[in-house]
Amino acid sequence: MREPMDRNLAFELVRATEAAALAAAHWMGRGDREAADQAAVDAMRFALQSVGMDGVVVIGEGEKDQAPMLFNGERVGSGVPPQVDVAVDPIDGTTLLAKGLPNAIAAVALAQRGALLSPTSVFYMAKIAVGPAARGAIDINAPVAENLQRIAEAMRYRVEDLTVVVLDRERHEQLIGEIRAAGARIKLIAHGDIAGGLMPALEGTGVDVLMGIGGAPEAVVTACGLKCLGGEIQCRPWPRDEAERRRCLEGGLDPERVLTTDDLAAGDDIFFAATGITDGELLKGVRYFSNGARTHSLAMRARSGTVRMVEAVHNMSKLMKVSALPYRA
């Protein structure tokens, strides 16, 4: 058994998500996804080097579309113990940011070495995620209407009072029809898998459950956040074709297997941080003012269950004197 991590690394991770958000936010609405992603990746990579850890990236950003990325296997941190797995998404919702739409965030999570699943053989997973009140009530293999009834009973709601967040994709046409037939409300989102998965676990978002098919790497990052928040996620690999199904099996991941929160992120030595880039239900975005900016972040630790909302004011002229990052685009 490894010794538990005694230091709350979430505070150090917040500096990395803040750096990514500050670097990326200047690209809001400018239509250049790759430039925004590159700015966020560079900033997060730079900030992670000062975190007191011996980290290996197991969930890297950008593999699906050849975007700039913190790659799988990359070493991050100052090199001192603890030894940890790191999952990063410098921009969850790159298209959202490029179009100036809500819910783009920067996120990073870590756990003890070997604790995070690295689903490199499959790009997508079917998912269902809920907050603490409905934990234990879901079954990804059950019909949609049955899951919604179970969730409603656990939360002491009517099904008609539930709001389900779903990625707005053609592949979800049947799912959307089943949710509507059950009587629940739907919030369609264009992008932002991680933010969408965390919304059910945070009060005030107006979302009760996430359903649908989204990114496999994002599922692991979401699981880390939900571990901290006391929520639950269940996933099942969703290969797009027979070739991907074979790769999935060759990689040791059965497409029929239900992956639980613990399968995705084992143990409770898990830390999660996120900073808003554009305004959304989860977090406010970066707000600029004369010579400065304001950020809003989450800093969470699974073992203690503590969730901190971190509001920070950044003095750009001073920041530029101590940082090699070009925060002004």
Side-chain angles (χ1 to χ4, degrees), residues 9-25 36-37 39-45 47-48 51 55 57-64 67-70 72 76 84-97 102-111 116-118 127 129 165 189 191-202 205 210 214-229 231 233 261 264-265 270-286 295-302 307-310 312:
L9 292 168
F11 289 114
E12 298 179 55
L13 297 181
V14 163
R15 290 200 293 272
T17 58
E18 286 175 344
L22 286 168
D37 216 11
V41 168
D42 290 346
M44 182 172 280
R45 176 180 280 121
L48 285 174
V51 177
V57 175
V58 297
I59 299 292
E61 188 270 346
E63 291 183 350
K64 285 192 293 240
M69 59 187 292
L70 279 149
N72 284 359
V76 293
V84 295
D85 286 347
V86 183
V88 301
D89 202 335
I91 305 177
D92 175 46
T94 311
T95 300
L96 298 177
L97 175 61
N103 284 318
I105 66 170
V108 61
L110 63 82
L116 299 184
L117 179 71
S118 182
K127 308 175 188 180
V165 66
I189 57 173
H191 301 275
D193 230 353
I194 296 171
L198 296 181
M199 286 179 196
L202 282 169
T205 66
L210 165 85
E218 289 85 348
V220 178
V221 181
T222 302
C224 292
L226 289 174
K227 266 291 186 79
C228 298
L229 291 163
I233 185 170
T261 315
L264 298 169
I270 293 172
F271 302 86
F272 179 95
T275 300
I277 305 175
T278 60
D279 283 347
E281 288 88 349
L282 192 69
L283 289 163
K284 292 180 181 178
V286 176
T295 57
H296 294 82
S297 305
L298 282 170
M300 308 190 293
R301 185 181 193 183
V307 179
R308 290 181 169 89
M309 307 296 292
V310 181

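With sequence neighbours excluded, the residues that form a side-chain hydrogen bond (donor to acceptor under 3.5 Å, both in side chains) with T275 are T17, S297. T278 is linked by a side-chain hydrogen bond (donor to acceptor under 3.5 Å, both in side chains) to nothing, counting only residues two or more places apart in sequence or in another chain. With sequence neighbours left out, the side-chain hydrogen bond (donor to acceptor under 3.5 Å, both in side chains) criterion links E12 to R7. Under the side-chain contact (heavy atoms from CB on, under 4.5 Å) criterion, D85 pairs with V58, R113, L116, not counting sequence neighbours. Listed by chain and residue number, I189, V207, L210 satisfy the side-chain contact (heavy atoms from CB on, under 4.5 Å) test with V165 (two or more places apart in sequence, or in another chain). Shown here are the side-chain hydrogen bond (donor to acceptor under 3.5 Å, both in side chains) partners of H191, two or more places apart in sequence or in another chain: R169.
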As a quick check of understanding, evaluate side-chain contact (heavy atoms from CB on, under 4.5 Å) for F272 and L13, giving each step before the final call. CA-CA 7 Å; F272 179 95; L13 297 181; over 6 Å; no

Begin from the C-alpha positions of S118 and N72 and carry the test side-chain contact (heavy atoms from CB on, under 4.5 Å) through to its verdict. CA-CA 9 Å; S118 182; N72 284 359; 4.1 Å; yes

side-chain contact (heavy atoms from CB on, under 4.5 Å) between I59 and V221, worked out: CA-CA 8 Å; I59 299 292; V221 181; 4.2 Å; yes

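With a 4.5 Å cut-off on side-chain heavy atoms, V88 and V86 count as touching. Using a 4.5 Å heavy-atom cutoff, the side chains of P102 and D279 are not in contact. Residues L22 and V286 meet the side-chain proximity criterion, which asks for heavy atoms closer than 4.5 Å. Between I194 and D89, the closest side-chain pair of non-hydrogen atoms falls below 4.5 Å.
Distance check, rounded to the nearest 0.5 Å: SG of C224 to CZ of F271 gives 11.5 Å. Distance check: L298 CG to L282 CG gives 5.5 Å after rounding to the nearest 0.5 Å. Interatomic distance, CG of L198 versus CG of N103, reported as 10.5 Å (0.5 Å rounding). One finds the CG atom of L9 at 12.5 Å from the CD1 atom of I270 (value rounded to the nearest 0.5 Å). Expressed to the nearest 0.5 Å, how far NZ of K127 lies from CD of E218 amounts to 5.5 Å. With rounding to the nearest 0.5 angstrom, the OG1 atom of T205 is 11.0 Å from the CG atom of L283.
In terms of modelled atom types and a separation under 3.5 Å, the side chain of T261 and the main chain of I233 share a donor-acceptor contact. Side-chain atoms of D92 do not come within 3.5 Å of backbone N or O of A106 as any donor-acceptor pair.
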